[in-house]
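Lettering of chains follows the sequences in order, A, B, ..., and the numbering in each one begins at 1.
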4 protein chains.
Amino acid sequence: MHETSMSPRAAHSPQVLEESDSRTRILDAAEELFAGGGYAATPTSLIAKLAQVPKGLLFHYFPRKIDVLVALVDERTLVEEAKEVDAVPGDPAGTLSKLARRLPLRASPAMRRILFREADTHGSVRERLGRLNGELIGRARFALELALPGARGDKARLEVAAATFAAVLLYQENLCQLTGHQIDPDAVADLIAHSLA
Amino acid sequence: MHETSMSPRAAHSPQVLEESDSRTRILDAAEELFAGGGYAATPTSLIAKLAQVPKGLLFHYFPRKIDVLVALVDERTLVEEAKEVDAVPGDPAGTLSKLARRLPLRASPAMRRILFREADTHGSVRERLGRLNGELIGRARFALELALPGARGDKARLEVAAATFAAVLLYQENLCQLTGHQIDPDAVADLIAHSLA
Amino acid sequence: MHETSMSPRAAHSPQVLEESDSRTRILDAAEELFAGGGYAATPTSLIAKLAQVPKGLLFHYFPRKIDVLVALVDERTLVEEAKEVDAVPGDPAGTLSKLARRLPLRASPAMRRILFREADTHGSVRERLGRLNGELIGRARFALELALPGARGDKARLEVAAATFAAVLLYQENLCQLTGHQIDPDAVADLIAHSLA
Amino acid sequence: MHETSMSPRAAHSPQVLEESDSRTRILDAAEELFAGGGYAATPTSLIAKLAQVPKGLLFHYFPRKIDVLVALVDERTLVEEAKEVDAVPGDPAGTLSKLARRLPLRASPAMRRILFREADTHGSVRERLGRLNGELIGRARFALELALPGARGDKARLEVAAATFAAVLLYQENLCQLTGHQIDPDAVADLIAHSLA
DNA sequence: GATGAATGAGCTTTCATTCAT
DNA sequence: TATGAATGAAAGCTCATTCAT
């Protein structure tokens with residue numbers, strides 16, 4: 001409806017998904033391929049082919065291959081400030097469950113897989129992974145503090161609980177699928193809540 | 001019977017010890033390099049150089065590069081049957097702590113890093129990672145069952161506790177060091193024990 | 001009279017001086033870069049960047065890269081007719097010294113370096129280098145004839161003297177600086193004068 | 001005689017010219033091409049083709065393209081110590097002429113052309129050119145000292161004469177052929193001898 | 001005139017793998 | 001079993017040149 005009524009030049013307007021700009025298509029392709037086969041094993045030629053751009057254009061935007069990975073990490077793993085944590089006082093299990101459900105923050109599963117795989121190869125990736133992990137722990141800690149207003153458990157135990165929950169969340173998504181072992185975040189939330197009771 | 005030394009002779013003659021055989025040195029080098037930079041980013045020439053063997057010899061033992069990885073996974077990630085779990089009835093926290101301290105099973109930290117990184121690339125690696133994870137969970141479950149003879153918590157909760165503990169152990173070793181966030185396994189053991197009380 | 005500004009208009013309007021026109025800036029940049037790294041090793045993109053013009057504009061003025069070199073040679077190595085040679089009769093040494101001091105003719109040191117380097121690659125460059133060399137020899141010969149009115153030495157010896165002086169002048173500038181060996185043109189002028197005495 | 005009596009493997013022995021080893025053929029090809037078109041404008045693929053070796057082998061011997069140039073300079077521009085200079089006392093002109101005829105030292109004309117062209121691009125090349133020039137001047141000075149035992153001219157003038165002769169020799173070979181202007185070294189030797197008389 | 005994204009051929013280099021010895 | 005020269009496909013990257021705006 002919109003497309004036909006606009007103009008013959010509508011094909012070039014940004015809202016037409018099929019024709020998103022080249023740079024974005026390159027990053028899309030790279031995200032998919034890096035997540036699937038790893039950075040080192042993905043030739044730039046394959047990225048270009050999947051993105052349907054000539055190989056030279058890839059290097060127009062990203063002078064070196066590593067710049068594609070860096071751009072991906074810079075632009076697609078933004079860890080937004082935890083504006084509001086949806087905590088339910090007196091219900092730490094439910095609070096953690098809610099947190100788990102909002103997890104993606106702004107990094108797709110593919111991006112998180114990339115962060116894990118390439119972390120020890122490239123400094124900037126490692127730093128982002130650290131930030132993501134830190135933010136997740138911080139958010140879990142904050143949520144638990146709100147959910148347990150009495151501050152019943154000591155600080156240290158809260159910290160451990162937050163780190164454990166973060167570990168399960170990141171671990172499960174990135175690796176349990178590889179092994180086939182599933183962990184139900186809600187059950188873990190429940191477990192942790194019990195331990196703080 | 002012996003899996004690392006093929007010839008009984010080599011294993012016994014003392015002077016061979018210092019000049020460990022070429023095949024072993026190749027695997028040692030590959031383990032180090034694959035863990036450090038990843039399989040795809042490690043040239044066979046570098047493996048040969050680090051192992052101090054000529055390039056041709058590497059291909060004598062391992063006709064294709066992938067065979068080095070497969071051999072590594074086959075020979076250096078053996079998950080031994082949990083013959084005995086050192087459980088202390090009535091002390092689930094201590095029991096888990098003991099389990100954590102014996103974790104290496106028979107896969108070195110380097111090998112575990114390799115398993116994680118290359119899991120989604122090579123089927124045989126993925127399968128091993130699954131086995132390792134499964135074995136760890138199973139052992140944690142069994143340990144907890146022994147430590148809590150009354151079977152106080154229901155089966156499902158025990159399972160979640162075991163999976164959570166396994167997740168933290170593997171997560172921390174493989175990724176916390178990358179991010180700098182430390183998790184104390186003993187504190188997690190304590191946390192989980194509390195949740196089962 | 002004015003050699004750099006082709007159009008009288010540009011030469012007179014004051015505001016144009018600081019923003020010298022794009023074409024000139026391109027040639028300035030190319031002269032510097034070709035002299036420094038050689039024609040083949042200098043990318044057009046670098047010329048454009050140094051000239052602070054967009055890449056496309058360079059190809060607007062010079063459709064092919066080689067046209068930049070040709071324009072440089074055409075416009076910046078003009079060998080002017082030897083209108084007047086400042087000869088001092090009876091003082092061949094002083095006459096040659098004067099000639100040496102006016103050497104630049106109208107080719108900068110950078111342009112002469114370019115002529116030497118690219119001579120065997122591009123015909124038009126080679127031809128210019130030949131003209132420059134010929135003109136220099138001719139001028140030296142003429143100067144010596146004027147300085148030695150008696151025509152004491154035979155013609156052939158005068159010719160050799162002129163060629164030797166030209167060789168030293170061109171050689172010294174283009175290569176002595178590379179090797180660090182200095183030749184004082186005045187001393188050579190003196191030497192040659194003696195040989196003709 | 002030797003070849004046939006040695007063994008069937010004689011075909012691989014070094015004295016069979018037709019089958020000189022790959023590394024030498026690569027350097028031969030590079031010398032020819034670098035002298036002709038310049039280092040930067042010569043693709044490694046062309047070197048390999050002319051040398052009749054696969055492209056990969058070139059990089060087996062010379063990991064980077066520049067290493068070919070460096071090897072050429074290292075191995076084919078040896079400046080031998082001037083053991084004996086063939087000086088004729090009382091005949092400086094003849095002495096210089098003799099020197100000129102032995103000029104090649106051990107750098108072929110092609111190698112000398114390469115030294116000149118690539119001198120300002122690569123430090124090691126520049127250094128060799130400097131050494132070559134210095135050695136030539138030194139030899140000319142020494143020859144003149146022997147030829148003029150009375151040390152009639154002062155030291156400084158001898159030095160200038162030596163430098164001038166060296167300049168003409170190097171200049172003529174590398175550049176006069178480009179421009180077509182010939183300088184007869186014997187005539188220059190004569191000229192210089194006169195100036196020292 | 002001015003602009004910079006787009007293009008693809010070609011460049012240097014890497015690398016797994018082979019093979020004669 | 002041991003060796004390293006040999007091989008060529010493919011990788012990352014460069015670059016002159018075009019072209020729509």
Any side-chain heavy atom of C:F62 sitting closer than 4.5 Å to one from C:T44?
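Sidechains of C:T44 and C:F62: no contact.
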
According to the Watson-Crick and G-U wobble definition with distances under 3.5 Å, which dot-bracket string, read 5' to 3', encodes DNA chain E, using [ ] for crossing pairs and | for pairs with another strand?
.||||||||||||||||||||

If the condition is side-chain hydrogen bond (donor to acceptor under 3.5 Å, both in side chains), which residues does C:T121 pass it with, not counting sequence neighbours?
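Partners of C:T121 by the side-chain hydrogen bond (donor to acceptor under 3.5 Å, both in side chains) criterion, ordered by chain and then number, come out as D:R117.
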
Write out all pairs satisfying side chain to side chain donor-acceptor pair (under 3.5 Å) with one or both partners inside residues 47-69 of chain C, taking only residues at least two apart or from two chains.
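Applying side chain to side chain donor-acceptor pair (under 3.5 Å) to every pair that reaches into residues 47-69 of chain C, excluding sequence neighbours, yields C:R64-C:D67.
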
Atom pairs and distances, donor-acceptor, side-chain atoms in residues 26-38 of chain C, under 3.5 Å, two or more places apart:
{"unit_1": "C:D28", "atom_1": "OD1", "unit_2": "C:R76", "atom_2": "NH1", "d": "2.9"}
{"unit_1": "C:D28", "atom_1": "OD1", "unit_2": "C:R76", "atom_2": "NH2", "d": "2.9"}
{"unit_1": "C:E31", "atom_1": "OE1", "unit_2": "C:R76", "atom_2": "NH1", "d": "2.7"}
{"unit_1": "C:E31", "atom_1": "OE2", "unit_2": "C:S108", "atom_2": "OG", "d": "2.5"}

Nucleic acid footprint by protein, nucleotides 6-13 of chain F - heavy-atom cut-off 4.0 Å, B for base, S for sugar-phosphate alone:
BBB-BSSB

Rounded off to whole Å, could you give me the CG-to-C1' distance for the C:D21 and E:dA2 pair?
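Taking CG of C:D21 and C1' of E:dA2, I get 14 Å after rounding.
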
Salt bridge flag under 4.0 Å for residues D:R23 and D:E75:
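Yes, charged N to carboxylate O under 4.0 Å.
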
Could I get the full list of side-chain contact (heavy atoms from CB on, under 4.5 Å) partners for A:V73, not counting sequence neighbours?
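Expected list: A:L69, A:T77, A:M111, A:L115, A:V125, A:R128.
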
Has the side chain of C:Y39 got a donor or acceptor atom that lies under 3.5 Å from a matching backbone atom of D:A41?
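Checking the backbone N and O of D:A41 against the side chain of C:Y39, no donor-acceptor pair under 3.5 Å is found.
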
To check you understand the geometry: which heavy-atom pair defines the closest contact between D:S124 and D:V70, and what is its length?
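That would be OG-CG2, 3.8 Å.
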
